[in-house]
2 protein chains.
Amino acid sequence: MEFGLQFYKKETLKKGKFLVQPGQYIRDFYFMKKGCVTFYTIEEGITRVMEFYTDGSFFTDLYPYIEEIPSESYLKVTEDSIVYVISKSDALKVFDHSHALERFGRLSMQKAFINNFQRINRIKNLSNQERYLQLLEKRPSLFQRVPQYLIASYLGLTPVGLSKIRKRLSKQ
Amino acid sequence: MEFGLQFYKKETLKKGKFLVQPGQYIRDFYFMKKGCVTFYTIEEGITRVMEFYTDGSFFTDLYPYIEEIPSESYLKVTEDSIVYVISKSDALKVFDHSHALERFGRLSMQKAFINNFQRINRIKNLSNQERYLQLLEKRPSLFQRVPQYLIASYLGLTPVGLSKIRKRLSKQ
DNA sequence: CATATTTATTAAACCAGTTTAATTAGAATC
DNA sequence: GATTCTAATTAAACTGGTTTAATAAATATG
């Protein structure tokens with residue numbers, strides 16, 4: 001069991017539910033026990049997949065959560081899921097009360113930061129084909145649980161583009 | 001003065017110095033008081049600019065710092081700089097001793113995480129031209145202190161590519 | 001100041017993606 | 001099982017970058 005999870009509330013989420021929609025304020029922090037939630041951003045009317053949160057990850061729409069401003073994103077349940085939820089005020093109480101959990105929070109943030117930094121690294125240093133292959137290798141289960149056009153979006157491609165890459169690869 | 005900086009040691013760095021080179025272990029955490037340090041990664045022999053750390057930012061090569069493995073990157077002083085330095089062991093002592101500073105550390109990490117997340121957002125949702133214009137708007141001083149080919153690298157372009165974008169823009 | 005070196009631009013050929021539209025394949029529903 | 005709907009592939013034209021190489025501009029050095 002992840003450290004500190006005893007302060008969270010367990011919830012089950014049905015596929016298709018929106019955890020967050022644009023305009024909403026974000027009061028909760030989540031831990032994905034089992035399932036999948038997809039994070040979408042909207043920019044100039046275009047919706048893109050930014051992240052898939054699967055088993056074992058902490059998540060929320062962090063920027064509006066922290067700044068207490070309305071979200072500009074979606075968080076959509078892509079698969080029936082079990083999550084643990086804690087409100088921001090409860091989380092703060094826990095942190096106030098426990099230096100150890102505050103440290104755990106800091107280290108978790110550090111880990112999340114590194115993940116993102118390495119992702120930027122990949123985006124900048126690898127071709128789309130290489131990033132597709134790497135995703136296939138590192139998170140093979142995604143390809144079972146999520147349609148390909150969402151993965152294309154996550155990789156920053158159109159469905160057509162990803163299809164071309166797959167074809168190119170199959171001919172080798 | 002940034003919170004906690006009293007535990008750091010002030011240092012001046014000459015342009016051209018490497019703060020970190022591939023193979024080195026990273027024992028220190030930095031705060032840039034005044035100046036500029038450039039973070040480079042190497043991937044398949046190709047060196048790319050990942051970040052410019054300028055006035056007011058905390059930085060180090062975080063992944064090898066945390067994991068205590070050799071760095072695969074460069075951190076090069078791009079401009080005579082004044083930084084504040086704290087060793088990892090000293091930082092940990094400070095955190096052990098002060099819940100408030102531990103919290104400051106957590107919140108700083110949170111901020112850094114969000115910055116990176118939004119950067120991924122920009123990379124995915126904006127064209128190179130838009131990202132160039134945004135950089136020009138948000139960090140205009142970079143263009144005074146750093147040569148254009150490094151900015152091209154930072155934007156994920158070749159010098160030729162950036163030059164084309166600039167030309168395209170000047171003809172409007 | 002003249003020269004050497006580094007940085008930025010331009011040109012030409014090329015390529016990995018895009019867009020749009022048509023087609024095929026697969027899943028869900030009656 | 002036939003129909004409808006959604007997802008994936010293919011084709012064709014296009015585009016914003018790349019690479020390589022030459023040139024021009026800016027900067028540093030003797």
Side-chain angles (χ1 to χ4, degrees), chain A residues 14-16 36 38 40-41 43-49 52 74 76-80 120 122-136 140-172, chain B residues 14-17 36 38 40 43-49 52 74 76-80 120 122-136 140-172:
Chain A
K14 280 282 166 210
K15 177 174 176 174
C36 182
T38 306
Y40 300 80
T41 58
E43 198 81 32
E44 293 164 19
I46 296 164
T47 301
R48 285 200 171 79
V49 172
F52 301 107
Y74 292 101
K76 187 178 182 181
V77 180
T78 302
E79 193 177 87
D80 288 357
I120 293 177
R122 284 197 294 278
I123 292 175
K124 287 181 51 109
N125 293 311
L126 302 181
S127 68
N128 288 324
Q129 175 171 315
E130 287 170 315
R131 285 171 50 234
Y132 165 71
L133 287 171
Q134 210 165 291
L135 189 65
L136 204 54
S141 72
L142 267 190
F143 294 77
Q144 261 63 265
R145 53 216 305 198
V146 162
Q148 189 173 301
Y149 69 93
L150 290 184
I151 289 176
S153 175
Y154 173 73
L155 290 169
L157 294 167
T158 60
V160 176
L162 179 51
S163 185
K164 274 190 169 185
I165 287 173
R166 285 160 52 80
K167 189 174 187 197
R168 192 196 305 146
L169 286 165
S170 72
K171 285 199 279 201
Q172 290 183 81
Chain B
K14 280 281 164 209
K15 176 173 176 174
K17 185 191 171 181
C36 183
T38 305
Y40 299 80
E43 197 82 31
E44 293 164 20
I46 296 164
T47 300
R48 285 198 172 80
V49 172
F52 302 107
Y74 292 101
K76 186 177 182 182
V77 181
T78 302
E79 193 174 88
D80 288 357
I120 294 177
R122 283 196 295 277
I123 293 175
K124 287 182 49 111
N125 292 310
L126 301 181
S127 68
N128 288 325
Q129 176 172 313
E130 286 170 316
R131 284 171 51 234
Y132 165 70
L133 287 171
Q134 211 166 290
L135 189 65
L136 204 54
S141 72
L142 267 190
F143 294 78
Q144 262 64 264
R145 51 213 312 195
V146 163
Q148 189 173 302
Y149 69 93
L150 290 183
I151 289 176
S153 175
Y154 173 73
L155 291 168
L157 294 166
T158 60
V160 178
L162 179 52
S163 186
K164 274 190 169 188
I165 288 174
R166 285 161 51 81
K167 190 177 187 193
R168 191 196 302 145
L169 286 166
S170 72
K171 285 200 278 203
Q172 293 184 85

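Convention: sequence-line order gives letters A, B, ...; per-chain numbering from 1.
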Task: Residues B:Glu130 and B:Ser127: side-chain donor-acceptor under 3.5 angstrom - done: yes
Task: 5' priority, DNA chain C, between B:Arg166 and A:Thr158 [closest heavy atom] - done: B:Arg166
Task: side-chain N/O B:Gln148 vs C:dT9 OP1/OP2, d < 4.0 Å - done: yes
- [ ] Report yes if at least one side-chain N or O of B:Lys167 is closer than 4.0 Å to OP1 or OP2 of D:dG16; otherwise report no.
- [x] no
Task: Identified salt bridge (Lys or Arg N to Asp or Glu O under 4.0 Å) counterpart of B:Asp80 within the set B:Arg145, B:Lys17, B:Lys14 - done: B:Lys14
Roughly how many Å is it from [atom1] in [X] to [atom2] in [N], rounded to a whole number?
{"X": "B:Asn128", "N": "C:dT18", "atom1": "CG", "atom2": "P", "answer": "13 Å"}
{"X": "B:Arg168", "N": "C:dA11", "atom1": "CZ", "atom2": "P", "answer": "15 Å"}
{"X": "A:Leu155", "N": "C:dT18", "atom1": "CG", "atom2": "C1'", "answer": "16 Å"}
{"X": "B:Lys124", "N": "C:dT18", "atom1": "NZ", "atom2": "P", "answer": "12 Å"}
{"X": "B:Gln144", "N": "D:dT27", "atom1": "CD", "atom2": "C1'", "answer": "16 Å"}
{"X": "B:Ile151", "N": "C:dT7", "atom1": "CD1", "atom2": "P", "answer": "13 Å"}
{"X": "B:Tyr132", "N": "C:dA8", "atom1": "OH", "atom2": "C1'", "answer": "12 Å"}
{"X": "A:Tyr149", "N": "D:dT10", "atom1": "OH", "atom2": "C1'", "answer": "20 Å"}

Open item on the list: Given C:dT10, D:dT10, C:dA8, identify the nucleotide with an atom nearest to the side chain of B:Val160.
Closed with: C:dT10
Task: Proximal nucleotide (of C:dA13, D:dT9, D:dA7) relative to the B:Lys164 side chain - done: C:dA13
- [ ] Just call it for A:Ile165: base, sugar-phosphate, or nothing, with non-hydrogen atoms closer than 4.0 Å on any strand.
- [x] sugar-phosphate
TODO: Using a heavy-atom cut-off of under 4.0 Å over every strand shown, decide if A:Leu157 touches base, sugar-phosphate, or nothing.
DONE: sugar-phosphate
Task: Spacing of CD1 belonging to A:Ile123 relative to CD1 belonging to B:Ile123, to within rounding of 0.5 Å - done: 5.0 Å
Open item on the list: Please check this pair: side chain of B:Lys124 against backbone of A:Ser153, looking for a donor-acceptor N/O pair closer than 3.5 Å.
Closed with: yes
TODO: Determine the interplanar angle of the B:Phe52 and B:Tyr154 rings, folded into 0 to 90°, and report it as parallel if under 30°, tilted if 30 to 60°, perpendicular if over 60°.
DONE: tilted
